2 protein chains.
Amino acid sequence: MKCAITAFQQEQKKRTRSVQDAMYALNGKWKISIISSICCFGKRRFSDILNDVEGISNRMLSKELKELEINQLVKRTILDTQPITVQYELTEHGNTLQTIISNLAEWGVVHRNKITGKKVESIETSCNEKIDV
Amino acid sequence: MKCAITAFQQEQKKRTRSVQDAMYALNGKWKISIISSICCFGKRRFSDILNDVEGISNRMLSKELKELEINQLVKRTILDTQPITVQYELTEHGNTLQTIISNLAEWGVVHRNKITGKKVESIETSCNEKIDV
DNA sequence: CGGCATCCTTACAGATACTG
DNA sequence: CAGTATCTGTAAGGATGCCG
């Protein structure tokens, strides 16, 4: 009995660690936005992402892109232009994130509506922040 | 053309926000473990969770449970025992998280194996440290 | 253009002690 | 038992400037 519980706990622990590995790869204030930006355009340059992701600083963009690259979610290519430009794109592995992100987005909508007391409409719902350019 | 891109960007921005809402509900070092603990046992008392989740302090447990409760993922019931005990259980909405968590766990395993260079075996695999940097 | 280095301010989380 | 309060170190993140 106690043994069974312990085994289950171990399984839960592994599960937890796996989820945290996943969360760790996505953590940071901007990762999702960055991935969205790149995935939206297929290929994207540093300064383009800087514009896409509202509010991010070049320091943070650089840092989080590097982390994404280390985690093999994003591929970095230096183009031999003058001055040089750098192109980012999702790796194959990065693309597998899209399902996860879709799930999270879907659940996020439900969740937000749950919390704000609104009923589910679509992903188009709620806030109406200003969006320029 | 520019208009279409802008529309797409707006959609991405909403998507991003939705994902962040979801991530926000799950963020914090212990949330997944706490949810796992509760969900594993159905109902669980404060001190039980404190034991289940290895390394957590009562301060953090209290804080994260409160956040989970605010997010309507967890239901808190004060039992009229002597001394009082408090019981936690997942709400219906909290249970919808399990799919998400499974997805993340699954992806986490693949991801860890990708990063560590091992091939996928099962959820039982590999390292017991944080990935990277 | 695409960064890195530096400085600085806050947010987060651990340890410890205390309360109804 | 189930928390709260306080104190403190660390890490995240913003602002700015410099460089190949």
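Below, chain A is the first sequence line, B the second, and so on; all start at residue 1. Note that this is a predicted model, so its numbers are computed, not measured.
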Quiz item: Can you find a side chain N or O atom of A/S62 that sits less than 4.0 Å from OP1 or OP2 on C/dG2?
Solution: no

Practice problem: Identify which nucleotide among C/dC4, D/dG13, D/dA5 has an atom closest to any side-chain atom of B/R59, counting heavy atoms from C-beta outward. | Solution: D/dA5

Quiz item: Touch check for B/S47, heavy atoms < 4.0 angstrom, all strands: base, sugar-phosphate only, or nothing?
Solution: sugar-phosphate

Exercise. Take atom CG of A/N51 and atom P of C/dC1, then tell me their distance rounded to the nearest Å.
Key: 10 Å

Quiz prompt | Distance in angstrom units between A/I56 CD1 and D/dT16 P, rounded | solution = 17 Å

Quiz item: Taking only side-chain nitrogens and oxygens of A/Y88, does any of them come within less than 4.0 Å of OP1 or OP2 of C/dC1?
Solution: no

Practice problem: Calculate the interatomic distance between B/Q82 atom CD and C/dG20 atom P; express it in whole Å. | Solution: 15 Å

Practice problem: Considering just the side-chain nitrogens and oxygens of B/W30, establish if one lies under 4.0 Å of OP1 or OP2 belonging to C/dG14. | Solution: yes

Quiz prompt | For atom CG of B/L50 and atom C1' of C/dG14, their distance in whole Å | solution = 14 Å

Exercise. Assign B/S57 to base, sugar-phosphate, or nothing according to its heavy-atom contacts below 4.0 angstrom with the strands shown.
Key: nothing

Exercise. Apply the test side chain to side chain contact (heavy atoms under 4.5 Å, CB included) to residues B/T77 and B/V86: give CA-CA distance (whole Å), side-chain angles for both, the deciding distance (0.1 Å), then the verdict.
Key: CA-CA 6 Å; B/T77 314; B/V86 181; over 6 Å; no

Self-check item: A/T85, nearest nucleotide to its side chain (from D/dA2, C/dC1, D/dG14)
Solution: C/dC1

Practice problem: Would you state whether a donor and an acceptor, one from the side chain of A/N58 and one from the base of C/dG2, lie under 3.5 Å apart? | Solution: no

Exercise. Taking only Lys NZ, Arg NE, NH1 and NH2, and the carboxylate oxygens of Asp or Glu, determine whether B/K13 and A/E54 approach each other closer than 4.0 Å.
Key: yes

Quiz item: Would you say the base of C/dG2 and the side-chain of A/R45 have a donor-acceptor pair closer than 3.5 Å?
Solution: no

Exercise. Return the minimal non-hydrogen interatomic distance between A/I38 and A/L90, and the atom names on each side.
Key: CG2-N, 3.7 Å

Quiz item: Taking 4.0 angstrom as the limit, do A/K63 and A/E67 come out as a salt bridge?
Solution: yes

Quiz item: Can you check the B/L61 CG to D/dC1 P distance for me, whole Å?
Solution: 13 Å

Quiz prompt | Value in whole Å for how far the P atom of C/dA13 lies from CG of B/N27 | solution = 7 Å

Practice problem: Please determine if a side-chain N or O atom of B/K63 lies less than 4.0 Å away from the OP1 or OP2 oxygen of C/dA13. | Solution: yes

Exercise. Take atom CE of B/M60 and atom P of D/dA5, then tell me their distance rounded to the nearest Å.
Key: 16 Å

Self-check item: Distance below 4.0 Å between A/R76 side-chain N/O and C/dG3 OP1 or OP2
Solution: yes

Quiz item: So which heavy atom on B/A22 is nearest to which on A/W107, and how close?
Solution: CB-CE3, 3.7 Å

Exercise. Using atom CG of B/D52 as one end and atom P of D/dA2 as the other, report the distance to the nearest whole Å.
Key: 12 Å

